[in-house]
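First comes the structure, then the notes that go with it.
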Amino acid sequence: MAYTRQTIDSAAIERQRAICAEIFEKVTADGARPLALVDTYGCQQNEADSEKLRGYLAEMGYGFTQDEFQADVIVVNTCAVREHAEMRVLGNVGALNHSKKARPGQIIAVCGCMVQQEHMAQKIKMSYPIVDLVFGPHELWRFPELLRAVMEKHRRVFAADKNDGAVAEGIPVRRDGTVKAWLSIMYGCNNFCTYCIVPYVRGRERSRRPEDVVAEARALVEAGYKDITLLGQNVNSYGKDLDCGVDFADLIAMINAIPGDFLIRFMTSHPRDATEKLFRTMAACEKCAHHIHLPVQSGSDTILKRMNRHYDRAKYLEEIATARRYMPDIVITTDIIVGFPGETEEDFADTLSLCEEVRFDAMFTFIYSKRVGTPAATMPDPYTREDKQKHFDALTELANRISGEKHREYEGRTLRVLVDGETGKEEYNLSSRTNGGRLVHLRGDKSLIGQFVEVRITASNTWALYGELA
Ligand code: SAH
Ligand code: SF4
Ligand code: F3S
């Protein structure tokens, strides 16, 4: 599949920002303060995209609300990875009938991965007349122009044509937090795992230029952010499409060289190309968190092959061993799919034994969900939902037991954590994260938010650690 890298140049983004200024004039006339609601589903990439939508909306003069009855503009940023996610989106979009009735001028937009699928865009067109604007992830950079078209022409606008995607720099961003920040380093995916919809809706793999990434990281550090997560569907392929001699490990080293006290995190890594160089670099870069999210998906070689994952169990275990050789304290988390078409008892037993062998700090487990247009959707799938649920429950139990055991090992230890927010609970009012990303609840003054502190771990459970300031 030939793909020519496309760039949306800065002049194009400037034009979009000029449209924001135009909309600003209109919607804030007579001193009005219009409000927008951005509702996000799915992964961190979508969170990062929503921060761009909010960046544009803020330039148009919108404030933000969580209440759909107060909102003049609602943007629902959707996910397509599993059926459950799509059902939630459709249910919630349907419920916006009420707010639209109460506020007839309300504009409702649905964007993101779900509507990049033709059948879903059609479904919204036919069955959800309250939706005024539909646009796929590739059109996000021209959201102002699309919104203006709805406002001026008073007609529905659909923009989710087939597209390989481009790279756009200079879109304004309005970040949610002040301590942690998402930083997209690349977009799209070329892996085509046979169960997965992402490559179809997010387009081809394309990296941002290292100088753009480093400049954004530097600006984040200067703005006081302490925890920067580099995002991509498969960060280990970073730079392959650029031919600039910078790979993902090099990029970590470049960001590590930025002066300041902050942490570098990243996700997601694909085991197919997690190199020894990556682990060596992680160990050598003092700002890089000792955490890797390395989705294994299955412990069975037969299933891995049918998933088109390009590694086998032995290679995966070897990577874990290498990671632990360089960083004995590394936190390892993973994703697993249960009930892939044709997965047998033996295949599932292989997954259980792999989990026992690796002892993941945390596991994200999913029951296979059939995605229209993917190769796995046409594979024979003889097992029932009940069979799969039984396996799912067994895996969850194992995952919880191991997480609980791993957390118990922290008790009595003193470690450095980054305080990142309030919990709203009285006993442990602050939340924080260890270097490896484990959640620690503690008690302290909220002025500690955004600071690294030493904490002694006093208790734990499956999901979190509890501590006191040391
Ligand atoms: N790019 C990342 C993950 C993206 S999706 C990676 O390759 O690791 C996040 C997780 O959702 C995947 O790791 C997988 O475990 C799960 N997932 C993806 N498609 C799925 C499907 N059709 N059914 C169930 N789970 C799925
Ligand atoms: Fe999906 Fe595989 Fe790409 Fe991850 S690597 S986004 S699972 S196709
Ligand atoms: Fe969902 Fe799209 Fe992310 S399908 S998981 S929001 S890339």
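Computed from a prediction, not measured in an experiment: that's the story for all the values here. Remember, it's 1-based here, ligands and their atoms both numbered in the order they're listed.
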Requested in this report: Report, in ascending order of atom number, the atoms of ligand 1 lying under 4.0 Å from any heavy atom of Pro295.
Outcome: 8 (O)
Query raised in the report: Relative to the heavy atoms of Tyr368, which atoms of ligand 1 are at a distance of less than 4.0 Å?
Result: 23 (N), 24 (C)
Report task. Show all protein N/O/S atoms under 2.8 Å from atom 3 (Fe) of ligand 3, or state that there are none. Result -> Cys43 SG
Report task. Say whether Val81 and ligand 1 are in contact under the criterion: heavy-atom distance to a ligand atom below 4.0 Å. Result -> yes
Query - Proximity flag Asn234 to ligand 1, non-hydrogen atoms under 4.0 Å - result: no
Query raised in the report: Hey, is NZ on Lys370 packed in by over 12 heavy atoms from elsewhere, all under 6.0 Å?
Result: no
Using distance alone, with no hydrogens and no angle criterion, decide if [X] and [Y] have a side-chain donor and acceptor under 3.5 Å apart.
X      : Y      : value
Gln106 : Ser99  : yes
Ser460 : Arg438 : no
Tyr368 : Asp381 : no
Glu276 : Tyr326 : yes
Asp393 : Thr396 : no

Closest approach of any protein heavy atom to [atom], naming residue and atom:
atom                   : answer
atom 6 (C) of ligand 1 : Thr268 CG2, 3.8 Å
atom 7 (S) of ligand 2 : Tyr195 OH, 3.3 Å
atom 3 (C) of ligand 1 : Gln233 OE1, 3.9 Å

Query raised in the report: Roughly how far, to the nearest 0.5 Å, is the CG atom of Asp132 from the CG atom of Leu146?
Result: 12.5 Å
Query raised in the report: How long is the gap from CE on Met120 to NZ on Lys125, to the nearest 0.5 Å?
Result: 15.5 Å
Contact check: [X] vs ligand 1, nitrogen or oxygen atoms, below 3.5 angstrom:
X      : value
Gln297 : yes
Arg371 : no
Asp335 : yes

Query - Contacts of type side-chain hydrogen bond (donor to acceptor under 3.5 Å, both in side chains), residue Glu286, not counting sequence neighbours - result: Asn256
Report summary line: side chain to side chain donor-acceptor pair (under 3.5 Å) with His293: of Thr334, Thr268, Asp361, Asp335, only one passes, and it is Asp335
Report task. Look at atom 17 (N) of ligand 1 and find which of Met307, Arg82, Glu83 reaches it with the closest heavy atom. Result -> Arg82
Query - Option set Ala80, Ser369, Cys43, Ser269, criterion heavy-atom distance to atom 22 (N) of ligand 1, minimum - result: Ser369
Query - Contact list for residues 108-139, test ring-ring contact (aromatic ring centres under 6.0 Å, His included), sequence neighbours left out - result: Phe135-Phe143
Query raised in the report: Nearest heavy-atom pair of Ala71 and Leu37: which atoms, and what distance?
Result: CB-CB, 4.0 Å
Query - Heavy-atom pair of closest approach, residues Leu220 and Ile228 - result: CB-CD1, 3.9 Å
Given that the side chain starts at C-beta and the backbone is N, CA, C, O, which of these parts of [X] lies under 4.0 Å from ligand 1, counting heavy atoms, or is it both or neither?
X      : value
Tyr195 : both
Arg309 : side chain
Ile367 : backbone

Query raised in the report: If you leave out waters, which protein N, O or S atoms are less than 2.8 Å from atom 3 (Fe) of ligand 2?
Result: Cys189 SG
Query raised in the report: Between Phe248 and Phe266, what is the ring plane arrangement, given parallel below 30°, perpendicular above 60°, and tilted in between?
Result: perpendicular
Query raised in the report: Heavy atoms, side chains only, cut-off 4.5 Å: are His310 and Lys315 in contact?
Result: no
Query raised in the report: Heavy-atom distance under 4.5 Å between the side chains of Phe360 and Cys355, does that happen here?
Result: yes
Query - Ring centre gap for Phe366 and Phe392 strictly below 6.0 Å - result: no
Report task. Would you check whether Arg309 reaches within less than 4.0 Å of ligand 2, judged by its heavy atoms? Result -> yes
